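Structure, as structure tokens:
Please read these numbers as outputs of a predicted model, since none were measured by experiment.
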Amino acid sequence: MHTDRRTLLQAAAALPFATVATNTAFAQASPAAPAAAPPKDVTRALAHYLVTASYDDLPANVRKEGIRTLLNWVGVAIGGSHHETVDIAVSALGPFSGPQQASLFGRRERFDIMNAAFINGVSSHIFDYDDTHLKTIIHPAGPVASAILALSEMQPISGKEFLNALVLGVETECRIGNSVYPNHYDVGWHITGTAGVFGSAAAVGKLLKLNEQQMRWALGLAASQPVGLRESFGSMNKSFNPGRAASSGIFAAILASRNFTSSDAMIEAKRGWANAISTKQDYNEILGDLGKRYEAALNTYKPFACGIVIHPAIDAAIQLRNENRLTADQIERVDLKVHPLVLELTGKRTPSQGLEGKFSIYHAVAVAIVEGAGGEKQFSDRAVTDPTIVALRGKVNPIITSGIKPEQVDLTIVLKEGRKLNRYIEHAIGSVEVPMTDKQLETKFSDLADGIIPAATIRRVMDACWNIENLPSAAEIAKMSVAV
């Protein structure tokens with residue numbers, strides 16, 4: 001990763017309680033700087049870039065990461081499609097849905113594009129298994145892909161147009177997120193929702209071919225719709241946030257396309273978005289090196305279906321379990337040295353539901369040792385009430401330790417026979433430093449889609465995602481990703 005990230009990591013290690021949940025990048029707010037004159041034309045300059053940026057401008061590595069982002073998102077959207085949360089949303093919104101314009105991934109129902117985008121956004125996030133921009137812990141694809149795949153079923157959108165819009169949407173939300181992070185997250189906002197709405201509006205606006213003024217209005221209308229609070233973590237409400245960001249972005253772009261006006265400075269104005277929701281505003285993060293430095297190229301993909309702050313512990317536990325063929329009855333206790341954020345964000349000792357288990361370091365380590373995995377099945381209602389796992393999680397002992405960075409863990413399993421097994425993780429699998437391979441992404445996709453769409457269709461959908469640049473219509477992916 002680049003130098004800025006290294007600087008932020010060093011600052012996080014030295015200061016108390018940064019408020020980020022990631023295994024690779026945790027930043028801490030700097031002391032408040034003297035008030036500076038409000039910047040001008042941030043929203044205007046961003047809108048100009050979005051309107052003029054083309055597919056041909058994208059470097060090859062950025063295109064490839066955009067494709068990996070798409071593949072991962074489609075897999076998690078299909079995988080989450082029959083969770084109780086999605087069933088409730090479909091049942092509740094069905095009577096109010098408009099024309100059957102767009103597919104619900106992994107299901108047979110069709111909804112209007114706004115409700116389809118919302119439900120697909122919920123579905124893609126309910127397992128907490130989606131992509132992560134580690135500098136901000138934004139889950140970028142949910143708000144953006146959910147919106148533009150729904151739109152692709154309403155109007156002709158080529159694969160190249162789609163990929164360009166996807167990358168631009170991710171770039172927009174991550175840059176805006178960078179500008180207020182971590183202070184904005186610290187006070188309790190769920191940044192995937194609050195920044196994600198800009199990504200959705202930008203990507204939809206690009207595909208609607210908004211002019212520069214209309215794009216400014218779309219960004220302004222997006223700024224008026226921040227959604228999501230961290231208090232929702234561990235409940236269905238958490239996945240509501242990227243879903244709502246997706247539909248709100250469509251709402252903003254469509255209104256702007258008809259010349260529904262907003263301020264031309266809604267991001268940076270004294271009473272605009274950044275000043276209203278954060279004590280930090282770094283507008284160079286939005287405009288610096290636009291078209292040269294790509295946040296979209298830094299996206300990562302989760303190998304484990306839970307809060308990313310506990311990925312290092314799961315990685316270490318699985319490695320020791322597999323290397324030593326461990327079973328729960330051999331273990332006296334599990335000690336793990338962790339950063340304070342691990343307990344702040346995942347300190348639930350006795351989760352009773354699968355969604356709570358995603359935020360329990362105790363459950364995550366126990367289930368990793370018992371089952372040797374950390375997929376969605378390991379964070380189900382079944383898993384958090386399994387007697388063997390419950391008994392073992394009582395032996396998990398996280399210890400806040402000076403010098404341990406948020407993306408690290410030092411885990412020791414003490415066996416009843418007296419032996420100690422140790423594993424130190426510098427960077428967990430799924431980080432920028434140790435990324436998931438294309439093959440691992442396909443395995444994850446197949447596991448998620450198994451039993452929801454036929455095996456032959458799984459292969460076809462993955463191939464379509466890999467080949468998005470050559471598809472005449474991006475809607476093909478949505479249409480083949482439904483239950484039959």
Next on the checklist: Hydrogens and angles aside, do D131 and N299 bring a side-chain donor and acceptor to less than 3.5 Å of each other?
Outcome noted: yes
Next on the checklist: Nearest 0.5 Å, please: how far is NZ in K348 from OG in S360?
Outcome noted: 9.0 Å
Next on the checklist: Less than 3.5 Å apart, any donor N or O on the side chain of Y301 or T69 sitting next to an acceptor on the other?
Outcome noted: yes
Next on the checklist: Please check: side-chain N/O of K206 versus main-chain N/O of A53, any donor-acceptor pairing under 3.5 Å?
Outcome noted: yes
Item to check | Beyond-backbone contact of H311 with H427, side-chain heavy atoms, under 4.5 angstrom | outcome: no
Next on the checklist: Q319 and side chain to side chain contact (heavy atoms under 4.5 Å, CB included): which single residue from I425, L411, I314, I429 fits?
Outcome noted: I425
Checklist entry - Just by distance, with hydrogens left out, do Y294 and E65 show a side-chain donor and acceptor under 3.5 Å apart? => result no
Next on the checklist: If I take atom CG from residue D130 and atom OG from residue S124, how far apart are they, to the nearest 0.5 angstrom?
Outcome noted: 5.5 Å
Checklist entry - Should the heavy atoms of other residues, nucleotides or ligands under 6.0 Å from CD of Q440 be counted, would the total exceed 12? => result yes
Checklist entry - Is a side-chain donor-acceptor pair under 3.5 Å present for S352 with E356? => result yes
Checklist entry - Is the side chain of T300 donor-acceptor paired with the backbone N or O of T132 at a distance under 3.5 Å, no angle test? => result yes
Checklist entry - According to the interplanar angle, ranging from 0 to 90°, do the rings of W273 and F198 count as parallel (below 30°), tilted (30 to 60°) or perpendicular (above 60°)? => result perpendicular
Item to check | Validation row: F105, V461 side chains within 4.5 angstrom (heavy atoms) | outcome: no
Checklist entry - With side chains defined as the heavy atoms from C-beta onward, is the minimum distance between L151 and I250 less than 4.5 Å? => result no
Next on the checklist: On a heavy-atom basis, which atom in V367 and which in A383 lie closest, and how many Å separate them?
Outcome noted: CG2-CB, 4.5 Å
Next on the checklist: Is the shortest side-chain heavy-atom distance between I148 and I157 below 4.5 Å?
Outcome noted: no
Next on the checklist: Surrounding CZ of R244 (heavy atoms of other residues, nucleotides or ligands, distance under 6.0 Å), is the total greater than 12?
Outcome noted: no
Checklist entry - Is the side chain of S146 donor-acceptor paired with the backbone N or O of P143 at a distance under 3.5 Å, no angle test? => result no
Next on the checklist: Are Q155 and L208 packed together at the side-chain level, in the sense that at least one heavy-atom pair is separated by less than 4.5 angstrom?
Outcome noted: yes
Next on the checklist: Parallel, tilted or perpendicular: which one describes the rings of H184 and W189, with boundaries at 30° and 60°?
Outcome noted: parallel
Next on the checklist: Closer than 3.5 angstrom, by distance alone: can the side chain of H48 be matched with the main-chain N or O of E212 as a donor-acceptor pair?
Outcome noted: no
Item to check | Note: R382-E376 ion pair, threshold 4.0 Å (strictly below) | outcome: no
Checklist entry - Do you know which two heavy atoms are closest between I404 and Y424, and how far apart they sit? => result CD1-CE1, 4.5 Å
Checklist entry - Is the number of heavy atoms from other residues, nucleotides or ligands within 6.0 Å of CZ (F251) greater than 12? => result no
Item to check | Shortest non-hydrogen separation from M215 to A202 and the atoms involved | outcome: CE-O, 3.8 Å
Item to check | Distance-minimising heavy-atom pair for K302 and K444 | outcome: O-NZ, 2.7 Å
Checklist entry - Would you call K405 and E426 a salt bridge, taking side-chain N to carboxylate O under 4.0 Å as the test? => result no
Item to check | Electrostatic pair D128:K238 at N-O distance under 4.0 angstrom | outcome: yes
Checklist entry - Can you pull the salt bridge (charged side-chain N to carboxylate O under 4.0 Å, His left out) pairs that have at least one residue in residues 104-116, sequence neighbours excluded? => result D87-R107, R107-E109, R110-E153
Checklist entry - Could K160 and D56 be called an ion pair, given the rule that one side-chain N must be under 4.0 Å from one carboxylate O? => result no
Item to check | Side-chain donor-acceptor pair present, E295, H133, cut-off under 3.5 Å | outcome: yes
Next on the checklist: I need the minimum non-hydrogen distance between L71 and F445, along with the two atoms involved.
Outcome noted: O-CD1, 3.3 Å
Checklist entry - Distance-only, no hydrogens or angles: does the K358 side chain make a donor-acceptor pair with backbone N or O of A305 under 3.5 Å? => result yes
Checklist entry - Out of curiosity, Q214 CD to S257 OG, how far, rounded to the nearest 0.5 Å? => result 6.5 Å
Checklist entry - Would you say V180 and Y185 make side-chain contact, with heavy atoms under 4.5 Å? => result no
Next on the checklist: Could you walk me through whether W466 and D438 satisfy the side chain to side chain contact (heavy atoms under 4.5 Å, CB included) test, starting with their C-alpha distance in whole Å, then the side-chain angles of each, then the deciding distance to 0.1 Å, before giving a yes or no?
Outcome noted: CA-CA 10 Å; W466 289 128; D438 290 353; 3.6 Å; yes
Item to check | W217 vs L210 side-chain heavy atoms within contact, under 4.5 Å | outcome: no
Next on the checklist: In the structure I gave you, are the side-chain heavy atoms of V197 and V227 within less than 4.5 Å of one another anywhere?
Outcome noted: no
Item to check | Residue of the set V144, L207, L149, I468 for which side chain to side chain contact (heavy atoms under 4.5 Å, CB included) holds with L166 | outcome: V144
Next on the checklist: Do the side chains of K64 and E469 get close enough for a salt bridge, i.e. N-O under 4.0 angstrom?
Outcome noted: no
Item to check | Reported CD1-to-CG distance for the pair I369 and N322, which is rounded to 0.5 angstrom | outcome: 11.0 Å
Next on the checklist: Using the rule given for side chain to side chain contact (heavy atoms under 4.5 Å, CB included), can you reason through I361 versus L336, listing the C-alpha separation, both sets of side-chain angles and the distance that settles it, and then say yes or no?
Outcome noted: CA-CA 10 Å; I361 183 66; L336 55 157; 3.9 Å; yes
Checklist entry - Where the side chain of T457 meets the backbone of I453, is there a donor-acceptor pair that is under 3.5 Å apart? => result no
Checklist entry - So F118 and L93, side chain to side chain contact (heavy atoms under 4.5 Å, CB included) or not? Walk me through it. => result CA-CA 10 Å; F118 168 74; L93 297 177; 3.6 Å; yes
Item to check | N/O donor-acceptor pair under 3.5 Å between R423 side chain and A317 backbone | outcome: no
Item to check | Sidechain N-carboxylate O distance under 4.0 Å for D57, K292 | outcome: no
Checklist entry - Are the side chain of S179 and the backbone N or O of I176 linked by a donor-acceptor pair below 3.5 Å? => result yes
Checklist entry - What are the two closest heavy atoms between G228 and T194, and how far apart are they? => result O-CG2, 4.2 Å
Next on the checklist: I'd like to know if the side chain of H125 and the backbone of A77 have a donor-acceptor N/O pair within less than 3.5 Å.
Outcome noted: no
Checklist entry - Would V390 and H363 count as a side chain to side chain contact (heavy atoms under 4.5 Å, CB included) if you check the C-alpha gap in whole Å, the side-chain angles of each, and the deciding distance to 0.1 Å? => result CA-CA 7 Å; V390 171; H363 171 75; over 6 Å; no
List, one per line, each side-chain donor-acceptor pair under 3.5 Å for residues 471-484, sequence neighbours excluded.
residue, atom, partner, partner atom, Å
S473, OG, A475, N, 3.3
S481, OG, I477, O, 2.6

Checklist entry - When rounded to the nearest 0.5 angstrom, what distance separates OG in S152 from CZ in F162? => result 6.5 Å
Next on the checklist: Tell me if a side-chain donor or acceptor on R393 pairs with a main-chain N or O of V384 at a distance below 3.5 Å.
Outcome noted: yes
Checklist entry - Measuring from T85:OG1 to I126:CD1, what's the distance to the nearest 0.5 Å? => result 3.5 Å
